[in-house]
Visitor: 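Questions regarding the structure given below will be posed in turn.
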Amino acid sequence: MSPIPGPIVLLALPLLAAVLTYLFRHLAFVAATLAAVVASALAFLCLRLPLDRSAFVLGQEVAFGRPVVILGQTLVLNPAGQMWLAYVFVLVAVFYLIAWRLSQGRSFYPFSLAILALYALVVLVQTFALAVLVFAVSVAVSVFVLQAGQLAPIRGAQRYLVVTLLAVPLLLIAGWFVDQATLSAANAAALAEGSTPITPALSQTLARRALLPAALGFGLLLAVFPFSTWMPALAAGAPPLVSAFVFTAGQAVALYLSLSFLDMAPAFLREPATLTVIRLAGLGMAASGGLMAAVQRDFGRLFGYAVLSDLGILFLAFGSAGSQGLVLGLLHGINRSVAIGLMAASLSIIRHRATTDRFAGLSSVAGRLPIATGGLILGGLALAGFPFTSGFPTHWAVGRSVWNWVQPFSPLAGEPLPGFEAAPGQDWLWGFALIALVASSVGIVIGLLRGLNAMLGSEPRDDIARQPILASVMVLALAVFTLVLGFYPQLFLEPASSAAQVFSLF
Amino acid sequence: MDTFAEVFELLAGPPAVVGLVLTAGAIFLSSHWRLSLAALLVQYLLLAIVLTRLVQPELAIVRGLVGMLVVPILYLTARRVDERRPWLDQDDGGIRFFGVRLDWNAGALSLPLRILALLLVSLALIRFFPDYTALLPGTVTGSSQVPPDIAFASLWLAGMGTAGLLLSGDALRIAPAALTILVGFDLIYAGLEPNLAVVGFFGALTLLVSLAFSYLAGIQVLSGATAGADEEATEL
């Protein structure tokens, strides 16, 4: 009997589980367990199975790296995709367990499993255009989970869908240009030198033409400032764990698409403007997210702006940390997932018990729901990069690298660095970076303190049920993990380095 | 047969392109779902007709069929929404044309502003059309040049769709605007990408997007809310 190809396992298992969880959607325990087991099993397979040979799983031979051709498309798992999917599956398995005690809507399990299958397809397909379309399809499906049948404002889900739709044409065109440039370069290599003098120039022109649509498309897809308004709107209206699913797994797949594109067109990173644009976008997101977080009146939006600000830090990691930028960015991506999960789980408890997350309605809730309140604040602090939390080490490293970048622009700088001359009129960059880094941390902390202040009080809140035991235990576990990552930030350094080495962009 | 082919060839030329331009304008201006969905249906038919100039007829028909499926999905939702929102059709004494309110009191984002926006977008498109054609893929490679009329129609559809997205908050108005952008893009991209899987997924995406917007429209009317600029302004 021939071994089962890995792509079939990665697509069929979540789809099969989606059908089963849909049938058992009224039985939360069964649906959650099934979903968590399948996601964990897929994560285990991604982490353990080799790509270069087959292995036996429960007596069945599985060839994880073996390509499959479906409808003329070759589906194959590469090492980078393997790491990415392992991260997504582990993360989602944790979300499923939490969702068992804190319902995120009955549609969460079946639809999110279907979305996981689509994410796997994004990673497996070799055609960039197809990957972009599959990702857009996954976003369209996610609208149903985001709304979860609630009569809540639709703005977040609608904006998420629209922004992704706007990105699709831009990315398809950018992908086409890069494909043509690659073909053109291949033709030039195949022909004798000098016989087609125009072809290399044409290849460069095509690649340059891809720059603007690619920048705009990925800007939209990755919620780069100013295309990020959907994030706080989503966090305000959607169930918290579903928002966390989009902010972590969804954006990780969008990031994978971006890195795949850069892998296809490495010349983009050699453009001096590219890294500057990434840095400025990161600074803009960090600053705007932090400043807006400080003035919110509900925890949902505060959560959204904190995640947005932290996403800016992720961009800064990619753009400012030189050759180690990708490793730092990926490490930050993993660490922030824990903080986002903690904040989302805590927020779920508060919304379930207090029926609101507006500061005005949370008086004396801290005393009634201490673990959820603590988890919410700790998660927020981690997103702000507060010391002793999971966010601190990477925030610190990013802050240092940004500082090194902007220091020559500073009016306080002494002698210019050898070989470096700040262009006139760029002094603002130093001030902007300083404000952005301070605002990204201080703004979130101010917002959290305002929220905490609203939650304090001594009057009894008998209308609020006591904190759920199992859900609180899960929040406690995430909180401990957040603190552990603060002390041992290198815990996920190896997988981040491995994933970065596969791309080797910088 | 030759006569039919000649007539079809003629139709696929300027008349269909003009039709695309008009339908996009109608979708942008109309606040009435019946008119905008009818225009969307015609737009998909015209897309299929125009695309016969660029791709195999079978692939063009697939695009038309997708439109045939998309419009009923939105139509059924709009009917249900209409039943739940009877006040929309109440006669308030305003001047109407095909159900579209024409008077100046028709709301901040209604017809007068939309006409103004249409004029501004038209001027912008005329100004930037030469730059746009220079950016098109065919002009770089020298192969499969996009005809200027199709290039203009695609830019017009993208412009109208984007303006519609910016000015609308209602899911049932956003949906035709977003689909108009996709139609405009398809006019250019169909001739470039021969991969059938891409064509299939593009169709699937269009269908799912219409389903998602239908779902959102249903939720929106059940919750009695109108997302978008007006609601946001109130919050601020």
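Naming: A, B, ... by sequence-line order, numbering from 1 per chain. Quick caveat, the model's predicted, so the values are computed rather than measured.
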Visitor: Could you please state which residues from residues 201-210 of chain B sit under 4.5 angstrom from chain A, measuring non-hydrogen atom to non-hydrogen atom, sorted by number, or 'none'?
Guide: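 Residues in range: B:F201, B:F202, B:L205, B:L208, B:V209.
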Visitor: With rounding to the nearest 0.5 angstrom, report the CD to CD1 distance, A:Q158 to B:I219.
Guide: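 CD1 of B:I219 is found 12.0 Å from CD of A:Q158.
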Visitor: Picking from A:A140, A:S142, A:P213, which has the most non-hydrogen pairs under 4.5 angstrom with chain B?
Guide: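 It is A:A140.
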Visitor: When you compare the side chain of A:F144 with that of B:L211, does any pair of heavy atoms fall below 4.5 Å?
Guide: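 Contact flag for B:L211/A:F144 side chains = yes.
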Visitor: Examine whether an atom of B:I174 lies under 4.5 Å from a heavy atom of chain A, and if so say whether it belongs to the side chain, the backbone or both; otherwise answer neither.
Guide: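 It is the side chain, since no backbone atom gets that close.
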Visitor: Quick one: what part of A:L166 sits under 4.5 Å from any heavy atom of chain B, side chain, backbone, both or neither?
Guide: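 Contact with chain B is through the side chain of A:L166 alone.
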Visitor: For chain B, which residues of residues 111-126 of chain A have at least one non-hydrogen atom nearer than 4.5 Å to it?
Guide: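 Only A:L121 of residues 111-126 of chain A have a heavy atom under 4.5 Å from chain B.
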Visitor: Would you call B:L192 and A:Q180 a side-chain contact if the rule is heavy atoms closer than 4.5 Å?
Guide: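 Side chain of B:L192 against side chain of A:Q180, heavy atoms only: no contact under 4.5 Å found.
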Visitor: Quick check on A:Q147 against chain B: is it the side chain, the backbone, both or neither that has a heavy atom closer than 4.5 Å?
Guide: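 Contact with chain B is through both the backbone and side chain of A:Q147.
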Visitor: Identify which part of A:T127 has an atom lying under 4.5 Å from any heavy atom of chain B, answering side chain, backbone, both or neither.
Guide: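 Side chain only.
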Visitor: Measure distances from B:D186 to the heavy atoms of chain A and classify the residue's part below 4.5 Å as side chain, backbone, both or neither.
Guide: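 Nothing of B:D186, per the 4.5 Å heavy-atom cut-off to chain A.
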Visitor: Flag the one option from A:L161, A:L71, A:V141 with the top tally of heavy-atom pairs under 4.5 Å to chain B.
Guide: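 Answer, by heavy-atom pair count under 4.5 Å with chain B: A:L161.
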Visitor: Is any side-chain heavy atom of A:L133 closer than 4.5 Å to a side-chain heavy atom of B:V198?
Guide: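 Yes, side chains in contact.
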Visitor: Checking A:V137 against chain B: side chain, backbone, both or neither under 4.5 Å from a heavy atom?
Guide: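 For A:V137, heavy atoms of backbone and side chain both lie under 4.5 Å from chain B.
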Visitor: Heavy-atom pairs under 4.5 Å with chain A are the metric here; pick the option from B:L196, B:L165, B:I181 that has the most.
Guide: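 Option with the greatest count: B:L165.
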Visitor: Just so I know, are the side chains of B:Y215 and A:I154 near enough to count as touching, which here means a heavy-atom distance under 4.5 Å?
Guide: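 No, side chains not in contact.
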Visitor: In Å and rounded to the nearest 0.5 Å, what is the OH to CD1 distance from B:Y189 to A:I173?
Guide: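 The OH atom of B:Y189 sits 7.0 Å away from the CD1 atom of A:I173.
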Visitor: Please check if atom CZ in A:F227 has more than 12 non-hydrogen atoms from other residues, nucleotides or ligands closer than 6.0 Å.
Guide: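 For A:F227, atom CZ is crowded (more than 12 foreign heavy atoms under 6.0 Å).
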